[in-house]
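Written below as structure tokens is the structure these notes are about.
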Amino acid sequence: MTDWVADEQQYLFQNYGRQPIVLDRGEGTRVWDTEGHEYLDFVGGVAVNILGHAHPVVAKAAAEQAQTLIHASNLFYTKPMIQLAKLLVENSCLDRVFFCNSGTEAVEGAIKLARRWGLDTRNGAHEIITTIDGFHGRSLGALAATGNARYREPFGPLMPGFHHVPWNDLDQIKAATNEKTAAIMVEPIQGEGGVNMPAPGYLQGIRDWCNEKGILLIFDEVQTGIGRTGSLFAYEQEGVEPDIMTLAKGLAGGVAIGAFMARESIASHLVKGDHGSTFGGNALAAAAGYATVKHVIDEDLSGRCRAASDRLMARLRSMEDRFDVVTEVRGRGLLIAVAFSRDCATDVMDACRRKGLLVNNVRPNAIRLMPPLNVTDDELDRACDILEEAIAASTAAVTK
Ligand SMILES: *Cc1c(COP(=O)(O)O)cnc(C)c1O
């Protein structure tokens, strides 16, 4: 029998710390490993599988498109990308879409667009202010934007032109703004940084500052977009509209895709020849994306996400009361972190997995839950039962 773990260790770069199971098959919120163990999947491909695994809507759209036309390039028009673009524009505050293949590429495109706009309208302004603990991707441009020195430092020199300021500190944004500033880029909720919520008024304050200074507001909604936080886009619940927005993770229900969107007055600065992607907007990914987003809208899965969130949050908050080690439950919709008083997230994650629940140790002292938007009440309750047992088991020996 193939030893998949040994082969992985022999043949792949060893840059990931993987949980020690080989996932083989999924259905809805459940996945099975190669040994036949069943798990509730609250990682969801890192906030990607918004409809769960093997959802018939996504599977059918992808399969039918694969048998029709997978890829034709951007030298031609194809139908699915036009359908998906129209759907996104009609359901957002933005006017145009560029398709790419990942969140990182979406951020790269947003940075290029901001620079292009700055060149045309602000005397070559090109600097972008981002936040510490913000995550925008791993390519050299997106990495320069990312507010995590551990990720950046081994790969210098990075692209210049970024200022990292503390999250939730509007004054520091103001202090970092100068005549070279083109944009401020933030996640509406910091995802990879540990599910860090914006303080009330913070995002509105950034919007007002951008208006005052005539600079762009970029929301990186790669993780928060497509219903994840209980509205199609997270900006809706903040009542704050961006000028540019990036999307990826959930956009095609598991198929690789990315996109950035912008207002017409900004998008018009990206002219023929300025940007491109061979695979971007390919018919397979776009068909899966169209089916996914349409299903989320038609079935009001953002609403289902809010109801599921209320149920999950109530249980998690009760754990906050009952376990000394649980210090905070934070998040919105189905992007939630449970924080601990000490660095036991890996122990809790491992204990959960052994009991049949997959979670992610987003910080040494916090786990992150990202179930599909259509997760059932039963699945939420079962996951909470397991999480309680795991917290009790992995923290029992330690007195606070
Ligand atoms: C995941 C993520 C990215 C990077 O997306 P990839 O698809 O991994 O390239 C960028 N921004 C945010 C907010 C993310 O959560």
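One-based numbering, in listed order, for ligands and for the atoms of each. Hydrogens, waters and symmetry mates play no part in the numbers below; they use all other heavy atoms, side chains included.
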Using a 4.0 Å cutoff against the non-hydrogen atoms of Glu187, which atoms of ligand 1 qualify?
13 (C)
I'd like to check which ligand 1 atoms, numbered from 1 as shown, lie under 4.0 Å from a non-hydrogen atom of Ser102.
7 (O), 9 (O)
Geometry only, no angles: is Lys249 polar-contacting ligand 1 at N/O separations under 3.5 Å?
yes
Check: residues 131-138 side-chain donor-acceptor pairs under 3.5 Å, at least two apart:
residue : atom : partner : partner atom : Å
Thr131  : OG1  : Gln190  : NE2          : 3.0
His136  : ND1  : Asp220  : OD2          : 2.8

Among Leu335, Val222, Leu251, closest by heavy atom to atom 3 (C) of ligand 1 is Val222
For Asp381, the side chain to side chain donor-acceptor pair (under 3.5 Å) test, sequence neighbours excluded, returns Arg311
Here the atoms of ligand 1 under 4.0 Å from any heavy atom belonging to Gly103 are 4 (C), 5 (O), 6 (P), 7 (O), 9 (O)
One finds that the ligand 1 atoms under 4.0 Å from a non-hydrogen atom of Gln223 are 15 (O)
Do Leu216 and Leu113 have side chains that get closer than 4.5 Å, going by heavy atoms?
no
Could you label the plane-to-plane angle of the Phe162 and His164 rings as parallel, tilted or perpendicular, counting under 30° as parallel and over 60° as perpendicular?
parallel
Assign the ring pair Phe98 / Phe260 to parallel, tilted or perpendicular, where the plane angle (0 to 90°) is split at 30° and 60°.
parallel
Which heavy atom of the protein is the closest neighbour of atom 8 (O) of ligand 1, given with residue, atom name and distance?
Thr104 OG1, 4.3 Å
Suppose I only count heavy atoms of Asp220 and a 4.0 Å limit; which atoms of ligand 1 are within that range?
10 (C), 11 (N), 12 (C), 13 (C)
Counting only heavy atoms not in Asn211, do more than 12 sit closer than 6.0 Å to its CG atom?
yes
